[in-house]
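Since the structure comes first, as structure tokens, the remarks are kept for the end.
Just so we're clear, the structure is a prediction, and the values are computed from it rather than from any experiment. Below, read A as the first sequence line, B as the second, and so on, with proteins coming before strands; counting in each chain starts at 1.
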Amino acid sequence: AYTYNPLIRGFFEKGLLDEAMKLGEEMETRGVLPMVSTYNTYLYGLCEHGKMEDARQRLVEMTERDLAPDIVSYNTLIYGYCRLGNLKDAVILFHELRCRNLVPSVVTYNILADGFCRLGDLESAQQLKNEMIYRGNQPDVFTYTILVNGACKVGNLSLAQEFFEEMLHRGLKPDLFAYTTLMLCEMKLGNKSTAFSLQEEMVGKGFPLNLIVYNVLVDGLCKIRDLEGACELLQKMVCDGLPPDHVTYTSLIHAHLEVGHLRKAREIFHEMLLKGLSPTVVTYTVLIHEHADRGRLALAFMYFSEMQEKGVLPNVVTYNALINGFCKARRLDLAYNFFNEMEEKGIVPNRYTYTIVIDENCNIGNWPEALRLYRQMLEKGIEPD
RNA sequence: GGUCUGAUUACGGGGAA
């Protein structure tokens with residue numbers, strides 16, 4: 001069964017769910033009995049594709065076969081719900097596992113804390129940290145990285161720094177992820193020099209710098225409008241044998257569009273293509289947003305078409321960027337076309353989408369339509385904020 | 001040793017400037 005686990009997992013990762021299942025059956029016809037870890041592999045594969053119903057079925061199935069789910073099984077399911085932002089069901093499982101005489105592990109708490117952080121609910125995440133300590137589970141470097149990142153994302157940078165300090169006081173040794181996360185905060189605070197000294201500290205401790213570390217620095221410099229610094233760093237990356245990737249390029253393109261260097265942004269975009277890097281949906285969304293937001297609707301639409309020709313599928317953020325541009329340009333008619341188009345494609349509008357169209361209807365004084373949208377939003381279970 | 005968690009790039013309103 002240990003032989004099969006990685007194979008099954010591999011199929012899942014490639015999205016070949018049926019193949020993964022078939023391999024499992026083949027394993028059993030060969031007389032190899034599945035183990036709890038085999039089922040956990042199934043669970044993970046299903047959860048990573050958001051197939052929570054199937055995963056729950058498997059959980060029942062393993063119980064019936066006298067393979068008692070363990071804490072890893074539960075963690076996996078909780079993780080699955082958290083990824084979907086469904087903290088409600090995640091928390092239900094968190095309580096349910098105790099009924100099976102299982103005890104939450106540090107990983108369980110970390111998964112949940114991260115889930116809350118991603119919804120911007122830092123208080124709940126913090127509560128979990130306290131609860132884990134109270135129950136005798138010591139937070140680890142993962143826990144603190146999650147909290148630092150969570151605080152950073154909601155903009156509470158001083159709290160982020162406090163979490164990092166707390167981690168040190170507990171005698172935990174930050175690793176590459178923890179340092180990178182702190183660097184991100186420092187950059188967000190505009191503490192360029194602190195971020196760079198952290199970088200040196202990392203090197204001093206023998207952590208190999210990777211692309212992500214550089215990307216954090218490049219993007220940080222871009223955000224504080226230090227494009228020169230960003231370009232210098234780019235040279236250094238190349239010297240260090242870490243050539244910029246699509247993330248680096250996207251940051252640079254974004255920064256140049258922000259300051260109105262359209263020509264330069266386009267050059268960078270082409271340079272990226274020349275290097276054989278494929279623009280992602282994020283790259284295109286940046287281009288679309290920056291152009292549409294400043295009224296360059298035709299250009300934005302050009303990129304929107306181009307991305308689809310290249311097989312890069314627009315997502316809800318892409319549509320929001322477009323719709324926003326068309327609304328601002330008082331082309332509500334066209335904005336609605338995109339609004340309908342996304343629904344046809346099965347892309348679910350979110351809070352942002354509705355805020356954009358509701359706001360524009362208010363601007364033009366179309367209150368009934370604004371209210372209609374508001375109700376529609378509620379009907380779809382989208383929470384206003 | 002072989003099943004679970006953490007780091008980088010994209011979208012709205014209001015307020016402040």
What protein N or O atoms touch nucleotides 4-6 of chain B N or O atoms at under 3.5 angstrom, if any, and at what distances?
{"residue": "B/C4", "atom": "OP1", "partner": "A/R9", "partner atom": "NH1", "Å": "2.7"}
{"residue": "B/C4", "atom": "O2", "partner": "A/N75", "partner atom": "ND2", "Å": "2.5"}
{"residue": "B/U5", "atom": "OP1", "partner": "A/Y44", "partner atom": "OH", "Å": "3.0"}
{"residue": "B/U5", "atom": "O2", "partner": "A/N110", "partner atom": "ND2", "Å": "2.9"}
{"residue": "B/G6", "atom": "O3'", "partner": "A/R118", "partner atom": "NH2", "Å": "3.3"}
{"residue": "B/G6", "atom": "N1", "partner": "A/D175", "partner atom": "OD2", "Å": "2.8"}
{"residue": "B/G6", "atom": "N2", "partner": "A/T145", "partner atom": "OG1", "Å": "3.0"}
{"residue": "B/G6", "atom": "N2", "partner": "A/D175", "partner atom": "OD1", "Å": "2.7"}
{"residue": "B/G6", "atom": "N2", "partner": "A/D175", "partner atom": "OD2", "Å": "3.1"}

Report yes if a side-chain nitrogen or oxygen of A/K223 is closer than 4.0 Å to either non-bridging phosphate oxygen (OP1 or OP2) of B/A10; otherwise report no.
yes
Think A/K153 has a side-chain N or O under 4.0 angstrom from the OP1 or OP2 of B/U8?
yes
Residues forming a salt bridge (Lys or Arg N to Asp or Glu O under 4.0 Å) with A/E306, sequence neighbours excluded:
A/K310
Rounded to whole Å, please give me the gap between [atom1] in [X] and [atom2] in [N].
X	N	atom1	atom2	value
A/F304	B/C11	CZ	C1'	14 Å
A/L252	B/A10	CG	P	12 Å
A/M27	B/U3	CE	P	13 Å
A/F163	B/A7	CZ	C1'	16 Å
A/M307	B/A10	CE	C1'	10 Å
A/M237	B/U8	CE	P	15 Å
A/E186	B/A7	CD	P	18 Å
A/E258	B/U9	CD	P	14 Å

Electrostatic pair [X]:[Y] at N-O distance under 4.0 angstrom:
X	Y	result
A/K173	A/D175	no
A/E28	A/R65	yes
A/K22	A/E26	no

Classify every nucleotide of nucleotides 12-17 of chain B by which part a protein heavy atom approaches to under 4.0 Å, writing B for the base, S for the sugar-phosphate alone and - for neither, in 5'-to-3' order.
BS----
Tell me if a side-chain donor or acceptor on A/D121 pairs with a main-chain N or O of A/C117 at a distance below 3.5 Å.
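Checked: no pair found.
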With no hydrogens and no angle check, is any side-chain donor or acceptor of A/R351 less than 3.5 Å from a backbone partner on A/E383?
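Yes: the side chain of A/R351 pairs with the backbone of A/E383.
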With a distance cut-off below 6.0 Å to the six-membered ring centre and an angular limit of 45° from the axis, does A/R330 pair with A/F326 as a cation-pi contact?
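Checked: cation-pi criterion not met.
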What I want to check is whether an N or O donor and acceptor connect the side chain of A/D219 with the base of B/A10 at under 3.5 Å.
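It does not, because no donor-acceptor pair links the side chain of A/D219 to the base of B/A10 below 3.5 Å.
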What stems involve RNA chain B, if each pair must be Watson-Crick or G-U and both of its distances must be under 3.5 Å, with 3 or more such pairs in a row?
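Stems for RNA chain B, defined as runs of 3 or more consecutive pairs: none.
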Describe, in one word, how the ring planes of A/F339 and A/Y354 are oriented to each other, choosing from parallel (under 30°), tilted (30 to 60°) and perpendicular (over 60°).
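Answer is perpendicular, since the angle exceeds 60°.
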Identify, with sequence neighbours excluded, every residue that meets side-chain hydrogen bond (donor to acceptor under 3.5 Å, both in side chains) alongside A/N40.
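With neighbours one apart ignored, the set is A/D70, A/S73.
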For a ring pair (Phe, Tyr, Trp, His ring centres under 6.0 Å) with A/Y109, tell me which candidate from A/F94, A/F116, A/Y144 qualifies.
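Only one option passes, and that is A/F94.
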Given B/U3, B/A10, B/U9, which nucleotide is nearest the side-chain atoms of A/V317?
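Side chain of A/V317 sits closest to B/A10.
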So for atom NE2, which belongs to A/H169, do other residues, nucleotides or ligands contribute more than 12 heavy atoms lying within a distance under 6.0 Å?
no
Under the ring-ring contact (aromatic ring centres under 6.0 Å, His included) rule, collect the residues that match up with A/H291, sequence neighbours excluded.
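A/H291 satisfies ring-ring contact (aromatic ring centres under 6.0 Å, His included) with A/Y303 once adjacent residues are dropped.
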